[in-house]
Amino acid sequence: MTTLKLHNSLTRKKEDFVPIDPEHVRIYACGPTVYSFAHIGNARMAVIFDVLANVLRAQYPKVTYVSNITDIDDKIIAASRQTSEPLKQITRKFTEIYNSDMRSLGVSRPDIQPRATDHIDQMIAMIKELIESGHAYEADKHVLFHVPSFEKYGGLSGRNRDEQIAGARVEIASYKKDPADFVLWKPSDEDDEDEPGWHSPWGYGRPGWHIECSAMAQEHLGLPFDIHGGGADLKFPHHENEIAQSCCTAHGDENDLASFAKYWVHNGFVTVEGEKMSKSLGNVTLAHDLISHHKGETLRLNLLSAHYRQPLDWTAESIEHAKNTMEGIYQNLREIEDIEISEDLPPVPEKFMKALCDDLNTPKAISELVALAKKAANDKTPESKGAFMAAAKLLNVAQEEPSRWLGYGKGNLRERELINALVEERSIARLRKNFKRSDQIRDELLEMGIVIEDTPEGTIWKKV
RNA sequence: GGCGCGGUGGCAGAGUGGCUAUGCAGCGGAUUGCAAAUCCGUGUAGACCGGUUCGACUCCGGUCCGUGCCUCCA
């Protein structure tokens, strides 16, 4: 078995992945806050950790991949106030849209997709414990984690407390004992219907952002677990605070940052046409919109075309490239469409697996995949086709029928009859060497978006 | 100011201390009535300056440029 290597943000090194329990690998990735449509950056995270889970499943007998839905957050409250739509309706709607959009991108549902609001009890229990052990305190209806109580704080992002305070963008609430302290629980207005809340030992209120992931990871995976992931921007403060909360409970170890999660994996950002995605620039690219214009596999391939830790520039041109690559692969597959292969796929080809095992080097893996497709088309054997399919399955691309994907013979009945009649007429013209007429028909078809290919078995056509 | 990442051929984007990345585009060829599709061939790349070395795109140091994060953020 090829050893999986992962860049561990905690140690800033590429390390061999050694599972805590080889019989059961456990992974957690921070999922979306469901107040709006997922953008292409959310999609990148979902696709990357989907591939990572696939790689792990190929190597270990049991993998549990947990990715949460954040359905309690001030951004959701704001969205609800703005649209006058009930909060629960918003979160339910956007959770469904998220899952459906991700499915279109070939992302499997995580094994467990916990919702924050289903884990309020666990969060309250955890906060209680942190107060009892002196790591948290109640102040002005808030509960805050006291950062100076955790000596190792800052180990993930590599910053010490003095530097942070020097950053000076910190808004210092008067009730904080230390400027770096962060909220575990905050009050909600019981008379305000828009503001959700739960009863707690500290009054009616709602959890802070970071505590949910600590609670859900502990609930569904247990501590310590193997891999924790998310977008690079979550490293600080979100993941740093998760570590603080979890290491300071009885399940963790205050002196060991890895007592929460052993490997930390962070994916890079997506830019759009060279610019940072932001609301003010108006260039936030939504997965939902892309799906209606492009095939899911094209978008997925594009998302995997840069290494996960590198920035990815999302451009019209890059989508076109990805589409061309997919087309090339499917053209190869079309030549071997009739070759039957067993449902039980052979082992994943070594060179391909090696690329993925090298810190999930998907660009390299894609180049191997293209080579495997070419080899399969050349060999025309079930073995070569099976080898390709085994690799493609891991990336979850090239899973459709080649002819269909490429647009051969596609269209409604009336359309097909018209095209077939024209193709037939052209064939007759060609037999009679009336090339003027046959070329004329070809141009007519092209205008209809139909491309003609003359093969030894006769003329075929496809929609472009 | 602090912490981090990166600068590779026309474009996108990897590996690698000496040997083809790959894809797209381009060029040449095969095939075709012409195309399309496919196949074959084809590129004196490595921000700059030093250093280490028999040899550096690859290691080390510096310079320049770009970029991310520093309690909204995937």
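Residue numbers begin at 1 in each chain, while the letters A, B, ... track the order of the sequences.
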Rounded to the Å, how far apart are [X] [atom1] and [N] [atom2]?
| X | N | atom1 | atom2 | answer |
| --- | --- | --- | --- | --- |
| A:Lys5 | B:G15 | NZ | P | 13 Å |
| A:Leu304 | B:A14 | CG | P | 12 Å |
| A:Lys14 | B:C5 | NZ | P | 14 Å |
| A:Asn68 | B:A74 | CG | P | 11 Å |
| A:Lys235 | B:U71 | NZ | C1' | 16 Å |
| A:Gln310 | B:C5 | CD | P | 11 Å |
| A:Trp314 | B:A74 | CH2 | P | 18 Å |
| A:Asp358 | B:G15 | CG | C1' | 8 Å |

Review point. By salt bridge (Lys or Arg N to Asp or Glu O under 4.0 Å), which residues pair with A:Arg206, not counting sequence neighbours?
Key: A:Asp74, A:Glu195
Point to revise | Qualifying residues under salt bridge (Lys or Arg N to Asp or Glu O under 4.0 Å), relative to A:Lys354, sequence neighbours excluded | key: none
For [X], answer base if it contacts any base atom (sugar-phosphate contacts may also be present), sugar-phosphate if it contacts only those atoms, and nothing otherwise; contact means non-hydrogen atoms under 4.0 Å.
| X | value |
| --- | --- |
| A:Glu368 | nothing |
| A:Gly41 | base |
| A:His266 | nothing |
| A:Glu240 | nothing |
| A:Ser157 | sugar-phosphate |

Who are the side chain to side chain contact (heavy atoms under 4.5 Å, CB included) partners of [X], not counting sequence neighbours?
| X | value |
| --- | --- |
| A:His39 | A:Asn42, A:Met277, A:Val284, A:Leu286 |
| A:Asp101 | A:Ile97, A:His288, A:Ile291 |
| A:Ser149 | A:His135, A:Phe145, A:His146 |
| A:Phe269 | A:Asp233 |

Among [options], which nucleotide has an atom closest to any side-chain atom of [X]?
| X | options | result |
| --- | --- | --- |
| A:His307 | B:A14, B:G33, B:A12 | B:A14 |
| A:Asn42 | B:G33, B:A74, B:G15 | B:A74 |
| A:Ser367 | B:U22, B:G13, B:C73 | B:U22 |
| A:Trp209 | B:C72, B:G6, B:C70 | B:C72 |
| A:His321 | B:C11, B:G6, B:A21 | B:C11 |

Check your understanding: Which pairs, with at least one residue in residues 138-151 of chain A and sequence neighbours excluded, count as a salt bridge (charged side-chain N to carboxylate O under 4.0 Å, His left out)?
Key -> none
Study note, to complete from the structure: Stems for RNA chain B (at least 3 consecutive Watson-Crick or G-U pairs, under 3.5 Å) come to B:1-7 with B:64-70, B:10-12 with B:22-24, B:26-30 with B:38-42, B:47-51 with B:59-63
Review point. What string of B, S and - do you get for nucleotides 34-42 of chain B 5' to 3' if you count protein non-hydrogen atoms under 4.0 Å?
Key: BBBSSS---
Check your understanding: Does anything in residues 267-276 of chain A reach RNA chain B, meaning a heavy atom under 4.0 Å, and if so which residues?
Key -> A:Gly268, A:Phe269, A:Val270, A:Lys276
Review point. Quick one: do A:Glu335 and A:Lys380 make a salt bridge, cutoff under 4.0 Å?
Key: yes
Exercise for review: Decide if the gap between the ring center of A:Phe94 and the ring center of A:Phe37 is smaller than 6.0 angstrom.
Suggested key: yes
**Study point:** Given RNA chain B, 5'-ward residue of the pair A:Leu234 and A:Tyr308, judged by closest heavy atom
**Key:** A:Tyr308
Check your understanding: Mind checking whether A:Phe236 and A:Tyr153 have parallel, tilted or perpendicular rings, split at 30° and 60°?
Key -> perpendicular
Check your understanding: Taking atom C1' in both B:G13 and B:C24, what distance in whole Å separates the two?
Key -> 11 Å
Check your understanding: For A:Trp461, what residues pass the side-chain hydrogen bond (donor to acceptor under 3.5 Å, both in side chains) criterion, not counting sequence neighbours?
Key -> A:Asn420
Check your understanding: Should the pair A:Arg334 and A:Tyr408 be classed as cation-pi, given the thresholds of under 6.0 Å to the six-membered ring centre and 45° from the axis?
Key -> yes
Exercise for review: With sequence neighbours left out, write down each residue that passes ring pair (Phe, Tyr, Trp, His ring centres under 6.0 Å) with A:Tyr28, or none if nothing qualifies.
Suggested key: A:His228
